[in-house]
Q: 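One structure follows; several queries about it will come next.
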Amino acid sequence: MVVMSPSGDIARQQADLIVVATVLMSLIIVPVLFLTLYFAWHYRHSNTKAKYDPEWHHSTRLEVVIWSAPLAIIIALGAITWISTHKLDPYRPLDRIDANRPVTPETKPITVEVVALDWKWLFFYPEYGIATVNELAAPVDVPINFKLTASSVMNAFYVPALAGMIYAMPGMQTKLHAVINEPGSYDGLSANYSGDGFSQMRFKFLGLDQGDFDQWVARVKQQGVALNRNAYMRLEKPSVKEPVRYFSSVEDGLYKAVLNMCARPGQMCADEMMHIDKMGGAGVDSRENRARLEYDNRRASDAAAVGEIAPGVAVPSDGSPARSEDPAEILEINASPPSQPMSHGMQGMQHPVTPGSNEDGSSPADLDASAKP
């Protein structure tokens, strides 16, 4: 029902497109269904009044109707599809707030950077220097520029009341432009199966008036903790039913590191490797980079041969079953800044750390309890 009665202009246009396409196709489907029943009744064996013409084989008028009507509808649907495909392109910046209000040069959008984790959502607000987990907020009638990526497997970001689905993939950045027009709390979810915790990979999207949104930002800054490289590595570990968390500050360049798959210390960033390739490669000297380019090593180890779980496999790292209905235990950790500054260069890199594990062995549930509102 929310798909057909959304609260965002993009979703509203998509709902209108569904209605128009359904009506156009019904112009053929409904008469065919009706005539099928009519012919079965009218030409029944007991109806001696029905005209019987065993030599009939062709009617130009029927041929014209049978072919011209569907052809006209296909042309209409094709034109609507062509226009809508470009107009509702998720990468296309908005040109209107709603049907009656265009986007003016004075309209300032808000940027939200989205990371799909296992199995939770992380939202960065670069203009405010904050981040949240499983809670997204935006002011009403303000364009939202989403930038999306993922930490491990592909997911699909979907807020039915706001706009259509858009994929979030590791090592890539997708975009979505949308706007919410009515205040409220709306459901958001992952629409692409991604493992055991998929069914709980949900979040709340809050459409707020500008004053309420400013208060929400202030609350995040007041109640949140710092999100640095160490805290992110703990948060990145697979976990289910993760509670809402607030982060009052975010380490510079963290989203870019996640996007380039080098948030783990010692990892080579994808854009750095692309630059090396663009310059012609490093030849034999690049052999030492191999270990730093293994982004996904969640595979069986020697320990797995004796029944132990391989490091970083996609199960909750706090030891609870993957399908547990109980939220992870909230413990307190030291969220101090990492010992090395975030750098995309090749100097000062540490040795790679196995994904899903940390030097101190803490789990994603070990984030500061004060981060929960």
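Keep in mind that what you see is a predicted model, and the values were worked out from it rather than measured.
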Q: Would the number of heavy atoms belonging to other residues, nucleotides or ligands and lying under 6.0 Å from NE2 of His275 be above 12?
A: no
Q: For a 4.5 angstrom cut-off between non-hydrogen side-chain atoms, does Met233 reach Arg264?
A: yes
Q: Does Val32 share a hydrophobic cluster with Leu77, counting links as ILVMFWY side-chain heavy atoms below 4.5 Å and allowing steps through other members?
A: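 Yes.
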Q: Could you tell me if the side chain of Lys204 sits less than 4.5 Å from the side chain of Asp187, heavy atoms only?
A: yes
Q: Which of these passes side chain to side chain donor-acceptor pair (under 3.5 Å) with Asp118: Ser239, Ser194, Ser152?
A: Ser152
Q: Is Thr149 reaching over with its side chain to a backbone N or O of Pro170, donor-acceptor style, under 3.5 angstrom?
A: no
Q: Locate the shortest heavy-atom distance separating Pro139 from Ile110; write the atom from each residue and the value.
A: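 Looks like CD-CD1, 4.2 Å.
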Q: Locate the shortest heavy-atom distance separating Ala163 from Ala11; write the atom from each residue and the value.
A: N-CB, 3.8 Å
Q: Evaluate the criterion side chain to side chain contact (heavy atoms under 4.5 Å, CB included) for residue pair Val112 and Phe124; output intermediate values, then yes/no.
A: CA-CA 6 Å; Val112 179; Phe124 293 95; over 6 Å; no
Q: For the residue pair Asp271 and Lys256, establish whether any side-chain heavy-atom pair is separated by less than 4.5 Å.
A: yes
Q: Does atom OH (Tyr158) have a neighbourhood of more than 12 heavy atoms from anything else shown, all under 6.0 Å?
A: yes
Q: Please report the C-alpha distance between Lys87 and Gln13 in whole Å, then the side-chain angles of each, then the deciding distance to 0.1 Å, and finally whether the side chain to side chain contact (heavy atoms under 4.5 Å, CB included) criterion is met.
A: CA-CA 10 Å; Lys87 186 178 181 180; Gln13 295 181 68; 3.3 Å; yes
Q: Same cluster or not: are Val179 and Ile166 linked, directly or through other Ile, Leu, Val, Met, Phe, Trp or Tyr residues, by side-chain heavy atoms under 4.5 angstrom apart?
A: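 Val179 and Ile166: separate clusters.
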Q: Should the ring pair Tyr38 and Trp41 be called parallel, tilted or perpendicular, given that the plane angle runs from 0 to 90° and is split at 30 and 60?
A: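 Taking Trp41 first and then Tyr38, their aromatic rings sit tilted (interplane angle of 30° to 60°).
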Q: Below 4.5 Å, heavy atoms only, C-beta onward: do Arg234 and Asn230 meet side chain to side chain?
A: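 Sidechains of Asn230 and Arg234: in contact.
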Q: So if you build clusters from Ile, Leu, Val, Met, Phe, Trp, Tyr with side-chain heavy-atom gaps below 4.5 Å, do Ile73 and Val20 land together?
A: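 Yes, Ile73 connects to Val20 through the hydrophobic network.
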Q: Keeping Gln14 on the side-chain end and Gly164 on the backbone end, is there a donor-acceptor pair under 3.5 Å?
A: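 It does hold such a pair.
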Q: Determine, using the 4.5 Å side-chain heavy-atom cutoff (strictly less than), whether Met201 and Phe157 are members of one ILVMFWY cluster.
A: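 Shared cluster, yes.
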Q: Are side-chain heavy atoms of Leu162 and Tyr186 found at a separation under 4.5 Å?
A: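 No - every pair of side-chain heavy atoms lies 4.5 Å or more apart.
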Q: With the 4.5 Å side-chain cut-off for hydrophobic clustering, are Val3 and Leu189 part of the same group?
A: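 Yes; tracing contacts between hydrophobic side chains, which count when under 4.5 Å, links both residues.
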Q: Do the side chains of Phe247 and Val225 get nearer than 4.5 Å, heavy atoms only?
A: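 SC-SC contact between Val225 and Phe247 confirmed.
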Q: Quick one: are Asn145 and Lys175 in side-chain contact, heavy atoms under 4.5 Å?
A: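 The answer is no; the side chains never approach within 4.5 Å.
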Q: Could you check whether atom CZ of Arg44 has more than 12 heavy atoms from other residues, nucleotides or ligands sitting under 6.0 Å from it?
A: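 For Arg44, atom CZ is crowded (more than 12 foreign heavy atoms under 6.0 Å).
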Q: More than 12 foreign heavy atoms under 6.0 Å from OH of Tyr91: is that the case here?
A: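 Yes - once you tally the heavy atoms of other residues, nucleotides and ligands closer than 6.0 Å, there are more than 12.
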Q: In the structure I gave you, are the side-chain heavy atoms of Gln173 and Glu113 within less than 4.5 Å of one another anywhere?
A: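 Not in contact.
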Q: Could you list the donor-acceptor pairs under 3.5 angstrom formed by side chains in residues 206-216, with sequence neighbours left out?
A:
from   : atom 1 : to     : atom 2 : distance (Å)
Gln210 : NE2    : Asp214 : OD1    : 3.0
Trp216 : NE1    : Glu135 : OE2    : 2.7

Q: Measure the spacing between OG of Ser248 and CD1 of Ile130 and express it to the nearest 0.5 Å.
A: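 Reported to 0.5 Å precision, the distance equals 9.5 Å.
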Q: Mark yes or no for whether Thr132, through its side chain, and Tyr246, through its backbone, hold a donor-acceptor pair below 3.5 Å.
A: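 Side chain of Thr132 to backbone of Tyr246, a donor-acceptor pair under 3.5 Å: no, none is there.
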Q: Check this for me, if you would: do Asp98 and Arg101 make a salt bridge, where the nitrogen-to-carboxylate-oxygen distance has to be below 4.0 angstrom?
A: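 Result for this pair is yes, salt bridge flagged.
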Q: Strictly distance-based, threshold 3.5 Å: is any side-chain N or O of Asn181 a donor or acceptor partner for the main-chain N or O of Asp141?
A: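 Pair absent, no side-chain N/O of Asn181 close to backbone of Asp141.
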Q: Decide if the gap between the ring center of Phe123 and the ring center of Phe205 is smaller than 6.0 angstrom.
A: no
Q: Above 12 or not: heavy atoms from other molecules or residues under 6.0 Å from CZ of Arg12?
A: yes
